Number of protein chains: 2
Amino acid sequence: MASSIAITNRSLHDQVASRVRDLIIEGILEPGSRIDEGHLIEELGVSRTPFREALRTLAAEGLVIVRPSKGSIVRQLTPDDVFSMLEVLAHLERLAGELACERASDEEIDELVRLHERMMECYRTRDRMPYYKLNQEFHSRLAELSKNGTLQEMQANIQARLKRIRYIGNQKPDSWAGAVADHEQMVRALKDRDGQQLGEAMASHLKKTWERVKDSI
Amino acid sequence: MASSIAITNRSLHDQVASRVRDLIIEGILEPGSRIDEGHLIEELGVSRTPFREALRTLAAEGLVIVRPSKGSIVRQLTPDDVFSMLEVLAHLERLAGELACERASDEEIDELVRLHERMMECYRTRDRMPYYKLNQEFHSRLAELSKNGTLQEMQANIQARLKRIRYIGNQKPDSWAGAVADHEQMVRALKDRDGQQLGEAMASHLKKTWERVKDSI
DNA sequence: TACTTTTAGTGTGTATACAAAATACATGAA
DNA sequence: TTCATGTATTTTGTATACACACTAAAAGTA
């Protein structure tokens with residue numbers, strides 16, 4: 001019920017922003033390619049006003065680049081961009097981990113542990129897609145447990161920008177076991193409320209992400 | 001010359017966004033107050049389309065909140081908001097400091113030292129406003145020296161959100177000497193390329209900011 | 001009096017029309 | 001052929017008009 005209210009409550013430009021965001025993440029709108037306003041508004045069945053407002057939002061989020069009088073393009077991430085994002089993300093998640101160890105309740109940690117166990121189940125059965133989704137949720141939830149709204153927001157923003165890259169990097173199966181080992185370490189640290197160790201696990205986790213991803217940018 | 005090109009190159013909604021941003025920072029548009037579209041577009045001499053696009057940008061930046069069908073309001077920061085921003089900012093600037101120590105050239109550090117000396121001159125002559133501006137620049141420049149674009153962007157975003165609060169906190173003269181001492185320590189650490197010490201100085205600097213500011217939110 | 005319900009009025013959301021800029025193309029000169 | 005210049009077409013930027021949703025005040029009912 002609440003969700004139907006939320007949907008009708010959302011203005012058209014918000015809905016358009018979400019849909020275009022998805023098109024970018026799924027790679028249907030390719031990085032570096034021009035965003036054809038006329039074509040897309042027809043596709044989406046909206047007029048230019050809400051579409052352009054959505055574009056401004058996406059530009060502020062760093063997903064598209066608006067070049068005045070020259071149209072908008074899907075932001076193409078350079079290896080440097082991705083490296084800098086992962087560097088910041090690692091540092092933010094380190095902080096998130098430390099704060100979560102201080103501030104999260106036992107129930108909240110339990111819940112996260114259960115989420116982790118569901119991930120492990122997916123790993124055992126090699127269900128890549130559900131694992132991928134649970135993983136995203138794990139990191140978001142951990143950021144929530146930091147009880148720091150700004151941290152959550154910044155983390156979500158970087159995650160959104162990286163989503164497409166992660167999606168591609170995920171095709172490579174090699175280091176899945178390594179990622180799982182990192183997560184095991186995280187959960188152990190979380191149970192012990194050892195912020196230091198949790199932070200280190202998260203940072204090392206993102207270093208591996210870089211190794212996995214860097215050649216496919 | 002370059003700047004005049006930049007100005008003409010900027011689309012109207014960008015200009016509007018800048019102007020409204022200034023109105024918010026200067027407190028002419030008060031936090032929590034409704035943004036009267038009709039009134040402001042007349043004031044600024046633009047039509048609703050670019051104005052609303054600007055509003056979407058500012059919303060994505062976290063300066064205004066758009067409530068569907070209910071108009072936009074200037075975001076009102078709670079003490080929790082400000083604390084969470086400073087907590088993240090401290091952590092980001094710590095990283096910036098560490099990276100700057102690794103990656104900045106001697107010339108770049110020299111330049112920053114000179115900027116610092118100009119600040120000290122303003123402190124001696126008690127020129128609060130120029131000091132304030134140089135201080136902003138000091139922190140931005142330091143973020144640049146991290147050679148991490150994402151870090152710069154995130155730092156700039158938080159700085160923008162806090163600008164108004166900082167502006168108010170700046171009225172209180174008491175802890176100016178303390179801030180200056182922090183900056184002395186930063187510059188020393190930077191000269192020695194001691195990332196650890198620089199990071200700690202920046203973090204402690206922001207803790208003091210919180211102490212100064214927390215009662216005036 | 002208190003509580004709905006109605007109804008004007010204001011302000012927001014979206015569509016469209018027009019203006020301005022940029023791109024693509026064709027024509028002609030070197 | 002190549003380059004320049006002018007024109008046509010496309011695309012973007014801005015203004016405005018209309019429709020709809022919310023707000024609040026007035027009228028009606030218990």
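In the text below, chain A, chain B and the rest are named by the order of the sequence lines, each starting its count at 1. Quick caveat, the model's predicted, so the values are computed rather than measured.
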Inset, instruction - Would you check, one step at a time, whether the test side chain to side chain donor-acceptor pair (under 3.5 Å) holds for B:D81 with B:T78? - result: CA-CA 5 Å; B:D81 287 332; B:T78 65; 3.1 Å; yes

Inset, instruction - On DNA chain C, check which nucleotide each of A:R48 and B:R48 is closest to and give me the residue with the more 5' one. - result: B:R48

Legend entry - Test: A:R212 cationic atom under 6.0 Å from A:W176 six-membered ring centre, within 45° of axis: no

Inset, instruction - Verify whether one side chain among A:N148 and A:S146 offers a donor that lies under 3.5 Å from an acceptor in the other. - result: no

Inset, instruction - Would you mind reading off the distance between B:F51 atom CZ and D:dT16 atom C1', rounded to a whole angstrom? - result: 17 Å

Legend entry - Side chain of B:L12 - closest among D:dT14, C:dA15, D:dC22: D:dT14

Legend entry - Length of the CD1-P vector between B:I41 and C:dG11, whole Å: 11 Å

Legend entry - Integer-rounded Å distance: D:dT12 P and B:D14 CG: 16 Å

Inset, instruction - Starting from C1' on C:dT23, measure out to CG on A:D36 and report it in whole angstrom. - result: 14 Å

Legend entry - Below 4.0 Å: OP1/OP2 of C:dT14 and any side-chain N or O of A:T49: no

Inset, instruction - Take atom CG of B:L55 and atom C1' of C:dG11, then tell me their distance rounded to the nearest Å. - result: 13 Å

Inset, instruction - Measure the distance from CD1 on A:I73 to P on D:dT11 and round it to the nearest whole Å. - result: 17 Å

Legend entry - Greater than 12 external heavy atoms within 6.0 Å of B:Q136's CD: yes

Inset, instruction - Could you check how far NE2 of B:H13 sits from P of D:dA15, rounded to whole Å? - result: 12 Å

Inset, instruction - Drop me the distance from B:H13's NE2 to B:S18's OG, to the nearest 0.5 angstrom. - result: 10.5 Å

Inset, instruction - Would you indicate which nucleotide in D:dT12, C:dA22, C:dT14 comes nearest to any side-chain atom of A:K70? - result: C:dA22

Inset, instruction - Would you mind telling me which of D:dT14, D:dA21, C:dT16 lies closest to the side-chain atoms of B:S69? - result: D:dA21

Inset, instruction - Calculate the interatomic distance between A:R67 atom CZ and D:dT11 atom C1'; express it in whole Å. - result: 12 Å

Legend entry - Among D:dT11, C:dT14, D:dT14, the one nearest A:R34 by side-chain distance: D:dT11

Legend entry - Which residue lies more 5' along DNA chain C, comparing B:G71 with A:G45 via nearest heavy atoms: B:G71

